[in-house]
Amino acid sequence: MIDQQMHSRFGHHPEQLFRDNLELVEQRIAAACARAGRSRSSVTLLPVTKTVPSAMLRHAAHAGITVMAENKIQEGHQKSLDLGDLGIKWTVVGHLQTNKVEKMIEFASEFQALDSLRLAQLINAELVSVGRSLDVYVQVNTSDEESKYGIGPDQVIDFVKELSRFPALKPRGLMTLAILNGNPEDVRSCFRRLRAVRDALTAAHPYCGIEKLSMGMTSDFEIAIEEGADIVRIGQAIFGKRPTKDGHFWPGLLP
Ligand SMILES: *Cc1c(COP(=O)(O)O)cnc(C)c1O
C-alpha cells in the first residue's frame, strides 16, 4: 500500500526519474553560472529531501545524491537511521526547537538555521559533552517582517562576534529564505542583502569563518546564483512537488 502510494508520486522508475531531474537542475545551475560569469564549481547543490520517504531516498542515493537536507528533526533523524548504511551527510535547514538539540546532534553534521544565542549555547554544550563540532550557518531574515525566523541584517555582526564564545560551533556561512511573493526583483533584493551582510561581516571580522551564502531554492535558485549563492537548497525540482503546504515548513513566509 505504502509502496503503491510512493510509486504513484515517484513513478515506477524513481532512480531514473531522480537522475533525469538532477540532470535538468544541473543544466539550469550551469546556465545560471555561465550567465553570471561564475565557474560551475563555485556553486554547491544541496538536495532537500523533506517529505520524500526513505525508500525513495535510497533510489536517490543510487542516482548519485550523497548529501541530504531536512527541515524537521524527527523526520531527518528517522531517515538517517533508515539510510544508515549509505554514508549520507545530513544537514538541517529548518528552525530548531531547543528541545530537539540533542536529537539533531545525533545525525546532522551541519546546521543552517542558527538564529539565537540561546540555541547556540545549547548546541555548543551538547557538542562539548559528546566531543565533536558542528558546521553552522546563521539564518538571516532578509525579508523583514515577512519571516518569523532569522537574525535581522543589522544584528548579524554582533551576533557572530558572540559566537566565538562557543568553540564547538564552526561558523561557515549565512543562510536565508527570500520573500515568497513571486516578484523576482523583491527576491533578488533579499539575496543582495544577504551578500551585503556577508561582505560587511568579512570586512569587520575577516577570521570569523563565515564565507558562504546559502540561498536559493526551486523557485528562485537561478536568481540566487546570479547574486552570489555558494549553496543552493533544492527540493521540488529534484523530487517533484510536495504534497505538504509550504507554510508548514516556513512559518510566516506564506499565508
Ligand atoms: C524545503 C526547503 C528548501 C527547498 O525548497 P524547494 O521548493 O523544495 O526547492 C530550501 N530551504 C529550506 C529551509 C527548506 O525548508
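In each ligand, atom 1 is the first atom listed, and ligand 1 is the first ligand listed.
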Residues 200-213 side chain polar contacts: donor-acceptor under 3.5 Å, at least two apart:
residue, atom, partner, partner atom, Å
Thr202, OG1, Arg198, O, 3.0
Thr202, OG1, Asp199, O, 3.1

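- Listed by first and then second residue, the side-chain hydrogen bond (donor to acceptor under 3.5 Å, both in side chains) pairs involving residues 150-164 are Glu162-Arg165 (not counting sequence neighbours).
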Could you walk me through whether Ile238 and Leu45 pass the side-chain contact (heavy atoms from CB on, under 4.5 Å) check? CA-CA 11 Å; Ile238 300 170; Leu45 167 63; 4.2 Å; yes
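- With 3.5 Å as the limit, one finds no donor-acceptor pair spanning the side chains of Thr44 and Arg233.
- Residues lining ligand 1 at a heavy-atom distance below 4.0 Å are given as Val48, Lys50, Asn71, Val93, Met175, Met217, Thr218, Arg233, Ile234, Gly235, Gln236, Arg242, Trp250, ordered by chain and residue number.
- Only one option out of Thr142, Ile225, Ile223 pairs with Phe191 in a side-chain contact (heavy atoms from CB on, under 4.5 Å); it is Ile223.
- Every pair passing side-chain hydrogen bond (donor to acceptor under 3.5 Å, both in side chains) that includes a residue from residues 108-119 is listed here, sequence neighbours excluded: Thr91-Glu110, His95-Asp115, Glu110-Gln112, Gln112-Ser214.
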